[in-house]
Number of protein chains: 2
Amino acid sequence: MMNSIASAPSSSQAQDAAAGILASLLERGFKRTHALVCLLREMAADPRPRTLAEWGECPSLQERNGVTLYRLMLKLEQAGVVRRVNLGERAQCFQLLPSGPAPDYLVCTSCGGLEQVETPLEVRVLEENLARKTGWKAVRHELEFFGVCPNCAENSNEAAHLAVI
Amino acid sequence: MMNSIASAPSSSQAQDAAAGILASLLERGFKRTHALVCLLREMAADPRPRTLAEWGECPSLQERNGVTLYRLMLKLEQAGVVRRVNLGERAQCFQLLPSGPAPDYLVCTSCGGLEQVETPLEVRVLEENLARKTGWKAVRHELEFFGVCPNCAENSNEAAHLAVI
DNA sequence: TTTGTTTATGCAAAAAGATTGCATTTAATG
DNA sequence: CATTAAATGCAATCTTTTTGCATAAACAAA
């Protein structure tokens, strides 16, 4: 039902994924630029949704201009390779779309911690039905659970306790 | 399964709701200010999630300062009276929480149109379980479906057709 | 009603994030 | 190597969110 996100794809798998995506993009008219190659690698190596600023902090991308990353990310989103996720932060987050169904998340509003949640079957069915039975096109969904993780909940209890003393 | 949002609560019902919320807030230390009274009325009269800028356009709120609305909205959110919803727009949207379960939405990414979607049972159960069986506290969820509504899909087809001619 | 205290408000300004225009560079193509 | 189209960096703008501070309004007590 719920999995923490410890298991990033192994380096070689990630590289393969990035390479495959890159190939498909090149066929679609993308240029093999330094920024594109590096960004795909970084995003394949870390499946979590991260802000533009965060992606920009990756070693291989630090020298890149922020605006470049911004425009590149929009292109990748349009190409259906990347998706935008709202994690309750002010800035939008982006992540590489996995080959399978995209994950949903459980977010700690206190520490920002993230756990992956398997998409409820009902949500998938609803999504499919919207696309098939109604006139809606290109339907996707976004589901997030927000709360305070056990760790933070405990700490805030301690804090409250200390405050009384 | 899906309902368009034609049925805003009747004026009197909305007023009652606003009055009830106001009373509860006053008990909790809120001051009965012009801005508070008007904002609650407007939000009760229109259940849709709207941006701060949009709420500020309401007749009774136009003379109010935008920052006032901003701070008031945050207070209402903290008080659990208002919730923040991400509708894919750059600005955050706010809406009064209904007495029952909060609605989920189907959003047209082309025209911004909004339809209400009943929360899948599985999502509610998942949410409850997170709160009961795991150590997570104050769990809530946000579920949105995004797509292109029949109207916009048709128009874009026409546009594509015309473009060929 | 007056006084004092607390909270809300307006104004100004800053910080953060998203977005565009334009001149230059880079990648692909022949 | 020359040509062309796309990508990049830089500067600047715009929108949204956020804060500080002086003033005004609401509330409670005298």
Side-chain angles (χ1 to χ4, degrees), chain A residues 19 21-43 49-58 60-79 81-94 109 112, chain B residues 21-43 49-58 60-79 81-95 109 112:
Chain A
I21 295 169
L22 179 57
S24 120
L25 289 174
L26 293 180
E27 284 177 12
R28 289 190 263 169
F30 277 68
K31 281 190 182 176
R32 171 189 239 108
T33 64
H34 189 75
L36 176 61
V37 173
C38 291
L39 181 56
L40 284 179
R41 276 198 193 140
E42 296 288 359
M43 294 189 83
R50 309 180 66 184
T51 64
L52 277 175
E54 286 168 340
W55 288 118
E57 285 168 10
C58 292
S60 69
L61 293 170
Q62 281 184 355
E63 55 199 72
R64 295 282 122 198
N65 186 303
V67 181
T68 297
L69 234 52
Y70 166 73
R71 280 185 281 215
L72 189 49
M73 199 67 87
L74 290 197
K75 280 199 71 179
L76 292 177
E77 190 187 17
Q78 282 196 330
V81 166
V82 151
R83 77 159 175 169
R84 200 183 290 238
V85 187
N86 161 40
L87 258 35
E89 319 202 347
R90 48 193 156 195
Q92 302 265 21
C93 295
F94 297 86
T109 52
Chain B
I21 294 170
L22 179 56
S24 120
L25 289 175
L26 293 181
E27 286 177 11
R28 287 190 264 168
F30 276 68
K31 285 187 179 179
R32 172 188 238 108
T33 64
H34 190 74
L36 177 61
V37 173
C38 292
L39 181 57
L40 284 179
R41 277 198 193 139
E42 297 288 0
M43 294 190 84
R50 308 179 68 184
T51 64
L52 277 173
E54 285 169 342
W55 287 118
E57 284 168 13
C58 293
S60 69
L61 292 171
Q62 282 183 355
E63 55 198 72
R64 294 281 123 198
N65 185 304
V67 181
T68 298
L69 235 52
Y70 166 73
R71 280 185 279 215
L72 191 48
M73 199 66 89
L74 291 197
K75 280 199 68 177
L76 293 177
E77 190 188 16
Q78 282 197 330
V81 165
V82 151
R83 76 159 177 170
R84 200 183 289 239
V85 188
N86 161 41
L87 257 38
E89 319 201 347
R90 48 191 155 196
Q92 302 264 19
C93 294
F94 297 86
Q95 75 179 155
T109 53

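Since the structure is predicted, the reported quantities are computational estimates derived from the model, not experimental observations. In the text below, chain A, chain B and the rest are named by the order of the sequence lines, each starting its count at 1.
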Would you check if Ser60(B) and Glu42(B) make a side-chain contact, meaning some heavy-atom pair closer than 4.5 Å?
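Sidechains of Glu42(B) and Ser60(B): in contact.
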Ignoring hydrogens and geometry beyond distance, is a side-chain donor-acceptor pair present between Gln95(B) and Arg83(B) at under 3.5 Å?
yes
Qualifying side chain to side chain donor-acceptor pair (under 3.5 Å) pairs with a residue from residues 21-40 of chain A, counting only residues at least two apart or across chains:
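Non-adjacent pairs meeting side chain to side chain donor-acceptor pair (under 3.5 Å): Ser24(A)-Arg28(A).
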Main-chain N/O of Phe94(A) paired with Trp55(A) side-chain donor or acceptor, under 3.5 Å
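At least one qualifying donor-acceptor pair exists.
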Give one of base, sugar-phosphate or nothing for Ala53(B), where a contact means two heavy atoms less than 4.0 Å apart.
nothing
If the sugar-phosphate is the primed atoms plus P, OP1 and OP2 and the base is the rest, what is the B/S/- string for nucleotides 21-30 of chain C, using protein heavy atoms under 4.0 Å?
BB---BBS--
Would you mind checking if Glu77(A) and Arg84(A) are paired as a salt bridge, meaning a charged N to carboxylate O distance below 4.0 Å?
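Yes, Arg84(A) and Glu77(A) are salt-bridged.
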Examine [N]: is either OP1 or OP2 under 4.0 Å from a nitrogen or oxygen in the side chain of [X]? Give yes or no.
{"X": "Lys75(B)", "N": "dA8(C)", "value": "yes"}
{"X": "Thr68(A)", "N": "dG9(D)", "value": "yes"}
{"X": "Tyr70(A)", "N": "dT19(C)", "value": "yes"}

Closest-nucleotide 5' rank along DNA chain D - winner of Arg84(B) and Arg64(A)
Arg64(A)
Ranges pairing with ranges for DNA chain C, where each run has three or more Watson-Crick or G-U pairs under 3.5 Å
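Stem list for DNA chain C: C:1-30 with D:1-30.
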In whole angstrom, give the distance that lies between atom CD of Glu63(B) and atom P of dG10(C).
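That distance rounds to 9 Å.
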Met73(B) atom CE is separated from dA8(C) atom P, nearest whole Å, by 15 Å
